[in-house]
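Numbers here are sequence positions counted from 1.
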Amino acid sequence: MADLSINFAGISSPNPFWLASAPPTNMGSMIERAFDAGWGGAVWKTLDKPIFEPGSRGL
């Protein structure tokens with residue numbers, strides 16, 4: 001199999017396929033499953049308790 005490993009801005013990854021900050025990266029268990037499936041990395045924008053009922057911005 002071809003070697004898809006990359007080094008981008010000093011971050012090494014087994015491949016260039018990463019999950020973006022979105023619902024598939026909501027919990028650590030979801031990211032663990034993604035890594036088990038072969039994803040190269042994941043981006044978390046916020047680290048805190050899960051948000052279950054977000055309110056509207058205007059209220």
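Hydrophobic cluster of L19: the remaining members, joined at side-chain heavy-atom separations below 4.5 Å, are L4, F17, W39, listed by chain and number. Connectivity analysis of hydrophobic side chains (ILVMFWY, heavy atoms under 4.5 Å, direct or indirect) links I11 to W18, V43.
Nearest approach of G40 to P14, heavy atoms of both residues: O-CD, 3.7 Å. Residues T25 and A42 share a closest heavy-atom pair of CG2-CB, 4.1 Å.
Among pairs with a residue in residues 1-10, those fulfilling side-chain hydrogen bond (donor to acceptor under 3.5 Å, both in side chains) read D3-S5, at least two apart in sequence or across chains.
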With a cut-off of 3.5 Å and sequence neighbours excluded, list every side-chain donor-acceptor pair involving residues 27-36.
none

